[in-house]
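Note: hydrogens, waters and symmetry copies are ignored here, and every other heavy atom, side chains too, is used.
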Amino acid sequence: MLILSRKIDEKIKIGTDITITLIDVHGDQVKIGVEAPKDVKVFRQEVFDAIQNENKAAVVDTQESGNEKAISAMSALSKLLKK
């Protein structure tokens, strides 16, 4: 893991297409901005984990009881992504 120190408005480049900008720091909360191409998905870790869990559950549900549960799982996933 690479650990970097940055001040407000300083940036970090990842490859040529992704830029991370430190926006604000208040106590133990840090706000960052992420600029990336539209085809690069950027998620908070907890949302990414929830998506992975929903995907795994959808596969199991599909195998056990057909497409109805898979559609329900995808609906739940869509609601999660809208938060």
Side-chain angles (χ1 to χ4, degrees):
M1 176 188 310
L2 174 63
I3 299 173
L4 301 170
S5 297
R6 299 278 72 199
K7 294 178 183 175
I8 293 176
D9 292 330
E10 290 185 333
K11 301 176 185 297
I12 298 168
K13 289 293 287 181
I14 301 174
T16 58
D17 295 336
I18 300 173
T19 303
I20 309 292
T21 305
L22 182 61
I23 304 296
D24 199 12
V25 179
H26 280 287
D28 64 349
Q29 187 178 46
V30 176
K31 291 184 182 178
I32 61 170
V34 179
E35 295 177 61
K38 290 186 182 231
D39 64 323
V40 174
K41 293 177 176 39
V42 179
F43 299 105
R44 297 186 325 259
Q45 183 69 48
E46 62 273 16
V47 171
F48 180 81
D49 292 342
I51 292 168
Q52 295 294 351
N53 291 334
E54 288 293 331
N55 287 343
K56 289 176 188 174
V59 169
V60 170
D61 287 346
T62 301
Q63 291 171 346
E64 290 178 359
S65 62
N67 289 335
E68 260 183 58
K69 286 191 177 182
I71 291 168
S72 176
M74 292 305 290
S75 175
L77 178 58
S78 292
K79 289 177 186 173
L80 249 177
L81 290 173
K82 290 179 184 176
K83 289 184 178 181

* For Lys38, check side chain to side chain donor-acceptor pair (under 3.5 Å) against everything at least two apart and list the hits. =>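 Scan of Lys38 (side chain to side chain donor-acceptor pair (under 3.5 Å), adjacent residues dropped) gives none.
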* To do: Using side chain to side chain donor-acceptor pair (under 3.5 Å) as the criterion, list what pairs up with Gln52, not counting sequence neighbours.
  =>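 In terms of side chain to side chain donor-acceptor pair (under 3.5 Å), with neighbours along the sequence ignored, Gln52 is linked to no residue.
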With a cut-off of 3.5 Å and sequence neighbours excluded, list every side-chain donor-acceptor pair involving residues 21-37.
unit_1	atom_1	unit_2	atom_2	d
Thr21	OG1	Lys11	NZ	3.2
Asp24	OD2	His26	NE2	3.0

* Asked: Would you find more than 12 non-hydrogen atoms of other residues, nucleotides or ligands less than 6.0 Å from Lys41 atom NZ?
  ->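 Open: at most 12 neighbouring heavy atoms sit under 6.0 Å from NZ of Lys41.
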* Quick one: does Asp17's side chain get under 4.5 Å of Val40's, heavy atoms only? ->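 In short, these two side chains do not touch, never coming nearer than 4.5 Å.
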* **Partner residues of Gln45 under the side-chain contact (heavy atoms from CB on, under 4.5 Å) criterion, sequence neighbours left out** =>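 Partners of Gln45 under the side-chain contact (heavy atoms from CB on, under 4.5 Å) test: Phe48, Asp49.
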* Of all residues at least two apart in sequence or in a different chain, which pass the side-chain contact (heavy atoms from CB on, under 4.5 Å) check with Ile14? ->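 With neighbours one apart ignored, the set is Ile18, Ile20.
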